[in-house]
Protein chains: 2
Amino acid sequence: MSKKSLPVVDVTGPGDVGADECCSSLTSEPLGEERAVELARVFKAMGDPVRLRLLSLIASNQGGEACVCELTGVFDLSGPTISHHLKVLREAALITGERRGTWVYYRVVRERLTQVSMLLDLAPAT
Amino acid sequence: MSKKSLPVVDVTGPGDVGADECCSSLTSEPLGEERAVELARVFKAMGDPVRLRLLSLIASNQGGEACVCELTGVFDLSGPTISHHLKVLREAALITGERRGTWVYYRVVRERLTQVSMLLDLAPAT
DNA sequence: TCCTTGTTTCGACGGTTGTCGATACAGAGG
DNA sequence: CCTCTGTATCGACAACCGTCGAAACAAGGA
């Protein structure tokens, strides 16, 4: 129906995937179903080689951001495919995109990765 | 052809998914294609709510291990399905299984989770 | 030996995902 | 206005994935 004028900025997905409950580890307690669904979305987004490389390319690039035009050339894939992968990462809140003039720049959401990292950071064995 | 007598212990998957190159972060350098494929396997294994809960159930259980019989009851899923998910986690080297008498016990591979956690642990922004 | 219970494998089914080409949208510059 | 380039969406297709029931395998007990 209504067309959005800022297709990049829109929070296409379900938005924040439970960012509040930040400090529970996998080992502390059995991980409820809802939270598991939220987390699985993030891991699934990272479960593709191309998306993992995109994430790394953006994160390691000068200034912590990268233009889409810099990313498409790296892979032997079509433009739409790269755009699709970026959308998946966006919907998992792992990256954010911003249009500046002609080009669109993406940067990683650092808190997101930190959050996941902490989840996997196991306390010493009981 | 030849049937294996210990179906649980066999390293069904491609084995170690690049466990040696442990200390590179996502942000340090662009992440080569091969390594991306290896890591994607691990994240894909964690990209399912059921598998995530299985991982958490095993990790948080008494003694750091859990019997399959304790896991099947938790979910509204058939036995074969649970077994399938455990196999995926096993092939990603996230858990290991051991048969003791009638029952099979699984435990998490802690170094594996630590390894992934370190990968996502970003250095402070440039 | 046969039976029973726990676990895995097999074969099949529907739903999801990665990929593409075609198309539409956004902005810059004639 | 029109055109050109960069990016996103759409529609379709094959491949993959989660699930099940049926069947096979493993170990223990009658």
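If you're wondering where the values come from, they're calculated on a predicted model, not measured in any experiment. To find a chain, count down the sequence lines: A is the first, B the second, and so on, and within it residues start at 1.
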#### Entry: Base versus backbone protein contacts along nucleotides 17-23 of chain D [heavy-atom cut-off under 4.0 Å; B, S, -]
SSBBBB-
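- Rounded to an integer number of Å, the gap from NZ of A:Lys87 to P of C:dC25 is 15 Å.
- Within the 4.5 Å cutoff, side-chain heavy atoms of A:Leu52 are placed close to those of B:Phe43.
- Between A:Glu33 and A:Arg35 there is no salt bridge, since none of the side-chain N atoms of the basic residue sits less than 4.0 Å from a carboxylate O of the acidic one.
- Distance OG/A:Ser78 to NE2/A:His84: 10.5 Å, rounded to 0.5 Å.
- Atom P of nucleotide C:dG6 and atom OH of B:Tyr106 are separated by 16 Å, given to the nearest angstrom.
- Between the CZ atom of A:Phe43 and the C1' atom of C:dT17 there is a distance of 20 Å, rounded to whole Å.
- Residues passing the side-chain contact (heavy atoms from CB on, under 4.5 Å) test with A:Ala66 are A:Ile58, A:Asn61, A:Glu70, A:Leu71, sequence neighbours excluded.
- Atom CD in B:Glu70 sits roughly 19 Å away from atom P in C:dT5 (whole-Å rounding).
- Using a 4.0 Å heavy-atom distance criterion, A:Ser83 is classed as a base contact.
- Rounded to an integer number of Å, the gap from A:Met46 CE to C:dT17 C1' is 18 Å.
- When the C1' atom of C:dG6 is taken as reference, atom CZ of B:Arg99 falls 7 Å away, rounded to whole Å.
- Of the candidates B:Leu55, B:Val116, B:Val109, B:Leu55 is the only one forming a side chain to side chain contact (heavy atoms under 4.5 Å, CB included) with B:Leu94.
- Using modelled atom types and a 3.5 Å distance limit, the side chains of A:Arg99 and A:Tyr105 yield no donor-acceptor pair.
- A:Leu52 has its CG atom 16 Å from the C1' atom of C:dG18, to the nearest Å.
- Distance B:Trp103 CH2 to C:dT8 P: 14 Å, rounded to the nearest Å.
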